[in-house]
There are 4 protein chains.
Amino acid sequence: MQRRAQLLECATEMFAERGYHETSVAEIVDRLGVGKGVFYWYFSSKEELLAEILRGSSLDLRRRQQASIRDIADPMVRIEIGIRTSMQWFYEHRKYFALFQSAANIEPFASVARKNSDVAIADAVRHIKDAIVEGQIADQDPEMLAQAVVGVIEKLTRVYIFDRDEPADRAADATVSFCLNGLCRLSPIPVS
Amino acid sequence: MQRRAQLLECATEMFAERGYHETSVAEIVDRLGVGKGVFYWYFSSKEELLAEILRGSSLDLRRRQQASIRDIADPMVRIEIGIRTSMQWFYEHRKYFALFQSAANIEPFASVARKNSDVAIADAVRHIKDAIVEGQIADQDPEMLAQAVVGVIEKLTRVYIFDRDEPADRAADATVSFCLNGLCRLSPIPVS
Amino acid sequence: MQRRAQLLECATEMFAERGYHETSVAEIVDRLGVGKGVFYWYFSSKEELLAEILRGSSLDLRRRQQASIRDIADPMVRIEIGIRTSMQWFYEHRKYFALFQSAANIEPFASVARKNSDVAIADAVRHIKDAIVEGQIADQDPEMLAQAVVGVIEKLTRVYIFDRDEPADRAADATVSFCLNGLCRLSPIPVS
Amino acid sequence: MQRRAQLLECATEMFAERGYHETSVAEIVDRLGVGKGVFYWYFSSKEELLAEILRGSSLDLRRRQQASIRDIADPMVRIEIGIRTSMQWFYEHRKYFALFQSAANIEPFASVARKNSDVAIADAVRHIKDAIVEGQIADQDPEMLAQAVVGVIEKLTRVYIFDRDEPADRAADATVSFCLNGLCRLSPIPVS
DNA sequence: TATGAATGAGAGTTCATTCAT
DNA sequence: TATGAATGAACTCTCATTCAT
C-alpha cells in the first residue's frame, strides 16, 4: 500500500529529526495531509509503527551486508567489506541510524534493538571465528572482538557521517584500519 | 542537602532503568514518599534535573580520569589508564552510563551530551598527538582515532558491564588490547 | 461551529459571573458535559479564549454603535444616540460588560482592553470636535470630555443595568441628561 | 507593628502592579527578604490581606474627604472639594487606585468593594440632596447623580492620573467642570 | 517571632486512541 | 478507506498554607 509506505517514511524522518516522544501522531498525519484515521488503519499504535520501522530497516541492512559478502572466501576481507557496506548503508539511510541508536534507550524497543544487535554480532562472530581458525586473528573471545568492531563502526558513523554529514569513505577507511589492526595481532599486547 | 541528593539519586536510577520520558515527576516523588512540591523546591524543572545529573556525573568522571593519569609520562600508558579508569567508573556508576547514552538522543540534552563528549575526545586527542610525536602511533587523524577508542569503550561497557553486569576487568582488558593494537601500528594497514 | 460557539458562550457566562482566574477550563468543559480535549481542539489556550471573546464582542458593540449613528448629522444627537445604543447593548449583553471591566485589570488583556477603549474614545472625540466646531460645546480638551462621558456610561451601566438588573432606559436617560449638560455649557464654570 | 505595615505596603504595590492573582505570597515575602511564616503570623490568608488593604485605604480616603469638607456650608462647594480631594488622594496613592478597581471584579472582594462604594455614594448623595433642597440642582434621583460623578472621577483618574501619570490638577479641573455642569441645570435637558 | 522545607489539591495543557459519519 | 471531533488519563508545574525547628 502506498499510504503505508508514506507513513513509514514520513514517520522515520520525523522520529530521526526530533525523536520518538517528541513527534506526535497528529504531526505525522498533518505533514502527510491526511486524517488521523489513516494512521490507525495501517498501524495499531504509534509503538507498533516504530517497531515496524526498526524491523524493516535492520532487515534491509542485513540483506545488503550478506549480498556484499556472499562470494568472498577470506574472512578478514569479509569483515572489511562488512564494515564498509554497513557504513555506506548508514550513509544512505542516515535517518535510520539515529533511530537505531535512540530506540535502544526507549523501554519498549530496547528488546527489539537488542535482538537486531545480536544478529549483527552473530554474523561478525562467524567471520572472526573463521579468521581465528585460519590463524589470522589471535585466539580471543570472538564476541568481544565483534562488539568492539561494531562499537567503532557506530561511533565513527555517528560523528562523521551522521553529525558532520561527511560521505562514508573517510570514516570507513579509518574504521577498517583501526579494527583490522585491533584484530590482527596474533597475541594481545601486554597490559601494564 | 539531603533531600536534593535523594532526588538526584532516585531520579538517576529511574531515568536509567525506564528512561527520561517514561519516568514522571510524580513517580519520582512517590518513590521517595514525599509531596510533589519537594521536587520543585529543589529543581526548577524536570529538564533541569537531568541536566544537573549529566553535569555532575560527567564532571566526576573527568576528575577521576585526570587524577589517575596525572603523573604518567608515557602517552600510550596514559591512554591505557584512561580506558581502564573510565570503564571502572562506569562500572561503579552503571546508572549514569545509560543516562549518558540516552541523553544524546533527547533533544534538549543533545547539546550538553555533545559538549561532554567533545571534552572527553579532546583529552584523548592530546595523548594521541603526544604518542604520534613520539613515534608510537602512525600519523593519522588523531580525532578519528580518539573517537574509535571511545566507541570501543562505550560498546563494551554497554554490553558487558551494563547489560550483563560483569565487573569491569574483562571488558577493559579487551578494550585496551583492541585499541592499543588499533592505534599502535606505525602505518595503517593497506586498504583492499 | 456549534461547539466553538457553545464554549464561547459558556465561558463568557462563567467568566462574567465568577471571574477569569476563578473559572477553570475543567469547569467550563464540565458544565458543557464534554471532555477537556474539546476545549483545546477549538482554542489554543484559556488566554486565547478570553482574547477571542473580547475581540468578538467589542467588534459587535462598535458595529452596533456605528449603524445607529450613520445617518445622523447633528453631532450632539450622535453623542446621545451613541450613549443610548451602548447602554442598550450592554443591557442585552450584560455578561460581556463584566468581562470588559475586569479584563482591563488582568495583565495579558490590559493591552487589548486599552486598544478597545482607545477606539471607543476616538469615535466619541470625533463627535465632540464636530460639536466644538459648530459651537455647541465649549473649546475644551475633547478627549477628556469623551473620557468623562464614557466614565458615566460605564458607572451607571454597572450599577443600574448590571448589578441591579434594571432595563437600560432609566440609566441611559440619566447618562444623557448628565453628559449633555456637562458638555454643553459654552464656557467651563469658574473653578473656585 | 512595623512588619505588618511593611507587608501591607509591599503587597499593595505588587498587587497594584501585577494583579492579585499574579502576585504570590512567596514573591511578597521574598521582596521583603523574610520567611513565609512572617506572612501567616500577621495575616490569616492572602485573601484577608487584600481585604485589609481595601478596608484601611478606603477608610483613609474617607477621612481625608471628610476633613476637607468639614467646615464648608455650600453643598456645591462640598461636592467640588470632595472631587478634588478624592483625585488628589488617588494621585498620592496611585497604587490603591488600581486595587480598588480590580477588587470589584474579584469574587471574594466584590462585596467589600461594593460596601466601600456604597459609603462613598451615600456621602455624595447627602450633598446632592442638600443642593436640591437649596435649589442648586434640579430634582432628580440623587443617587444616580452621585454615581455619575463618581464615574467621571474614576475614569479621569484612571486615564490621566494612573495610566498617564499626570498630576491631579488637570483631570480634577475637568471633572469638576463636567460634573458641576452636569448637575447644575435646573431642569434636565429634553431627551430627543 | 521567624524560618523555609514540605504538602497536595488543582491548574493548564498534551496526546494516543476511538468512532460516528 | 478516510475524516476529524471527541475522549480522558496523564503530564508538568504552581502556590496557598502548615508546622517542626
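Only heavy atoms go into these numbers, but all of them, side chains included; no hydrogens, no water, no symmetry mates. Keep in mind it's a predicted model, so treat the numbers as computed, not measured. Below, chains carry the letters A, B, ... as their sequence lines are ordered, and counting in each starts from 1.
Using a 4.0 Å heavy-atom criterion, one finds that D:Lys36 contacts the bases of the nucleic acid, with or without backbone contacts as well. Across all strands, B:Ser44 comes closer than 4.0 Å to no nucleic acid atom at all (heavy-atom distances). Using a 4.0 Å heavy-atom cutoff across all strands shown, D:Val38 reaches at least one base atom of the nucleic acid.
One interatomic measurement links the two molecules: CG of B:Leu32 to P of E:dT7, which rounds to 10 Å at whole-angstrom precision. Residue C:Arg4 contributes atom CZ, which lies 16 Å from atom C1' of F:dG4 at whole-angstrom precision. Per the geometry, CD belonging to C:Glu22 stands 15 Å off P belonging to E:dG10, to the nearest Å. Here F:dA16 presents its P atom at 9 Å from NE2 of D:His21, a figure rounded to the nearest Å. Residue C:Ile28 contributes atom CD1, which lies 18 Å from atom P of F:dG8 at whole-angstrom precision. With rounding to whole Å, A:Tyr42 atom OH is found 20 Å from E:dA16 atom P. Rounding to whole angstrom units, CE of residue A:Met14 and C1' of E:dC15 are separated by 14 Å. The CZ atom of B:Phe15 sits 12 Å away from the C1' atom of F:dT12 (whole-angstrom rounding).
Separation of the C1' atoms belonging to E:dT1 and F:dT21 is 13 Å when rounded to the nearest angstrom.
In the set E:dA16, F:dT12, F:dT7, F:dT12 carries the atom at the smallest distance from any side-chain atom of B:Tyr40. Among E:dA16, E:dA6, F:dA6, the nucleotide with an atom closest to any side-chain atom of A:Lys46 is E:dA16. Ranking F:dA2, E:dT1, E:dG12 by closeness to the D:Trp41 side chain, first place goes to E:dT1. Comparing F:dA16, F:dT12, E:dT17 against the side chain of D:Val25 picks out F:dA16 as the nearest.
Between A:His93 and A:Trp89, the ring planes are parallel. Angles under 30° get that label, and only those over 60° would be called perpendicular.
At a threshold of 4.0 Å, the pair A:Glu13-A:Lys95 counts as salt-bridged, since one of the basic side-chain nitrogens sits closer than that to a carboxylate oxygen. For the pair C:Glu52 and C:Arg4, the salt-bridge criterion is met [side-chain N within less than 4.0 Å of a carboxylate O].
Take the nearest nucleotide of DNA chain F for B:Glu27 and for C:Gly37: the residue whose nucleotide is more 5' is C:Gly37. Checking C:Thr23 against B:Gly35, the closest nucleotide of DNA chain E that is more toward the 5' end is the one next to B:Gly35.
Annotation: cation-pi pair A:Lys46/A:Tyr20 present, NZ/CZ under 6.0 Å from the ring centroid and within 45° of its normal.
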- Task: Assess whether side chain to side chain donor-acceptor pair (under 3.5 Å) is satisfied between B:Ser102 and A:Asn105, documenting all intermediate values.
- Result: CA-CA 6 Å; B:Ser102 62; A:Asn105 299 299; 4.9 Å; no

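Proximity of A:Arg3 to the phosphate of F:dT1: no side-chain N or O atom is located under 4.0 Å from OP1 or OP2.
Base pairing analysis places F:dA20 opposite E:dT3; the two distances defining the Watson-Crick or G-U wobble pair are each below 3.5 Å.
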